[in-house]
Amino acid sequence: MVRLDSVSVSYRMRGQCVPAVEDIDAEFPAGSITAIIGPSGCGKTSLIQAMAGLVHPCSGRVLIEGEQLAGVRRKTAVIFQDYGLLPWKTARANAELPLLLAGMDQRDRRSRVESVLEELGLSAFARFYPGRLSGGMRQRLAVARALAAEPDLLLMDEPFSSLDALTRESLQETLLEVHARHGTTIVLVTHSIEEAAYLGDSLIVMGGRNPGRIASRLSRPRGQVGGLVSFRASGDFLSLTTELRRALADGPSGGLSHGSGTPGPGGAA
Amino acid sequence: MRVEGNLGKALRAAAAAAVILLLWELASLAVARSFLPGPEAALGRLVSRIANGSLLPHIAASLRRVVLALLVAAPLATALGLASGRSPALDSLVSPFVYLLHPLPKVAFLPVIMLFLGLGDVAKVFLIGIIIFGQMLVSGRDAARAVPRALVDSVRSLGARRWAVMRHVVLPASLPALLSSLRVSLGTAIAVLFLAESFAAESGLGWYIVDSWTRVDYPDMYAAIVALSVFGLACYLAVDMAEAVLCRWRNTD
């Protein structure tokens, strides 16, 4: 389980300290998928970077399994929108990188990565450089690299936003399959309302700018399981996206009226 | 397709060489003076000098100077360049010196260098070395600085520390820029080599050119000029080949 305890993050720009997010409290239960959604500039990425241990919060604590995070953690994997893969390493070498950095010997790396590439349908492309792969396959490879390290926490920063709609949906399915198999805790930053509604067990809506704050929290209607194709077509899905859209429009001030964890109107139906 | 591309490249280079030789021949016929012999005289002399072994020690001497300079300067410049590109503190220390010293024509310091280091190989290697060093230092620094932050973050998130980030991200990302600056600086280095070898030397292609000039043996002079040109071309090709092997990922699309 991951807990954010009034976390504030700021970054330096031209020598000045700019607050990115302020006073974030949140809990991410083990095995859950949480979608963080908000307009650009609301500090989503800074929050992910703090959870990854890439930046230190200027106040507050990030607790993972009860321990305060002090830096990058082996069991946390991060998937970025772009740039995640090294163009000069083959697909296999990219996927092996976390294991190489952990000091695992070549034979073990090979066999672990072999099965992960297989799982994501990339075996035939093991020797390709990322430049030769399509956008969808590249993000598949990014997922494979994340899984190679056998993480218990998977952080994703707008992972599918540069993909076309069909590829994005197929990768969402892949992600849910991976989640079902491995039970990894997933925190996903997105600016797509549909993606947040489809993937998230719970949803955190952020708003404001420098610093961003949590505007409201929603959860999936009771009784609905994320990722079923039928859910995407259901009325519950529609009302959840409507509610999300309203919460985003309200921003940080109006957010409180939506309460915390209350099921959407569709949930009662 | 790659092979076809390389073959095409080789054919075009051969055609260009043929045109140059033709122009040389025509110029030699038009001028009709002993100081511009035709290519057949120069190339014939080159072949016979290589066959009887009298030119080889000079080629070897020039090659040794360039390779030594390269072996010392390139790793030092790469290390310092990449490190200062990634460390603002180091950069603020190094950059003012680079800014002031880089535009200086190093070759003008040849007399000073010879006064300090003597007339032997050390001075020549040093001069060529600082030229390669300066060029690669600047390109390495700029390339390392341009590595996207997100790429570094993604590898850090996998557990890479500073050294691993250098090895897996910064160095491979900067390699293309480092190799092109090496290509440029080798061209300059060979020009400077000629000058350095024409002073107080007893070996090297530069010395050979000046020596045959004073002996008024023009075919010999042109033979050595051709040898020095081919030597430069070979350096160029060597960098190209290194790039094809080390930066294979760039030829993928």
Side-chain angles (χ1 to χ4, degrees), chain A residues 11-12 15 45-46 48-55 71-91 93-104 125 127-134 141-142 145-149 151 153-159, chain B residues 1-2 5 78 81-82 85-89 91-92 95 139-140 143-180 182 239-253:
Chain A
Y11 56 90
R12 292 202 144 268
T45 296
S46 298
I48 283 283
Q49 284 176 330
M51 291 175 76
L54 290 167
V55 299
V72 170
R73 179 176 167 271
R74 281 241 183 265
K75 287 271 167 200
T76 301
V78 192
I79 296 180
F80 298 88
Q81 178 188 347
D82 301 305
Y83 292 125
L85 302 167
L86 298 178
W88 39 85
K89 287 189 188 285
T90 59
N94 262 293
E96 279 184 15
L97 188 56
L99 308 177
L100 176 71
L101 292 170
M104 188 184 278
F125 304 98
R127 298 173 59 143
F128 281 46
Y129 289 101
R132 292 270 306 270
L133 301 175
S134 70
L141 178 56
R145 184 177 74 178
L147 289 182
L153 174 62
L154 182 55
L155 305 172
M156 308 178 88
D157 188 4
E158 304 200 3
Chain B
M1 228 174 97
R2 289 278 318 281
T78 301
L82 297 188
R86 298 309 301 174
S87 152
D91 188 40
S92 64
S95 275
S139 328
R145 218 185 255 166
V147 174
R149 159 111 199 254
L151 198 56
V152 173
D153 270 355
S154 98
V155 174
R156 277 180 60 215
S157 80
L158 301 176
R161 306 286 178 119
R162 220 184 169 104
W163 173 242
V165 168
M166 275 288 175
R167 170 164 143 44
H168 293 288
V169 186
V170 179
L171 179 62
S174 311
L175 210 48
L178 284 168
L179 288 173
S180 9
L182 178 60
V239 177
D240 268 357
M241 275 157 66
E243 190 171 11
V245 173
L246 294 173
C247 306
R248 208 149 25 109
W249 59 277
R250 297 178 94 216
N251 305 323
T252 48
D253 19 33

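Every chain is numbered from 1, with letters handed out A, B, ... down the list of sequences. All of these numbers come straight from a predicted model, not from anything done at the bench.
- Heavy-atom pairs under 4.5 Å with chain A peak, among B:Leu246, B:Val155, B:Leu175, at B:Val155.
- Between the B:Ser95 side chain and the B:Ser92 main chain, no donor and acceptor come within less than 3.5 Å of each other.
- In this structure, no portion of A:Thr90 lies under 4.5 Å from any heavy atom of chain B.
- In this structure, chain B has a heavy atom under 4.5 Å from the side chain of A:Leu100, while its backbone stays farther away.
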Query raised in the report: Hey, mind stepping through B:Ser154 and A:Arg145 against side chain to side chain contact (heavy atoms under 4.5 Å, CB included) and telling me if it holds?
Result: CA-CA 11 Å; B:Ser154 98; A:Arg145 184 177 74 178; 3.6 Å; yes
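- A salt bridge is absent between A:Glu96 and A:Lys89: the closest approach of a Lys/Arg side-chain nitrogen to an acidic carboxylate oxygen does not fall below 4.0 angstrom.
- Residue A:Arg74 qualifies as enclosed at atom CZ: its count of foreign heavy atoms under 6.0 Å is above 12.
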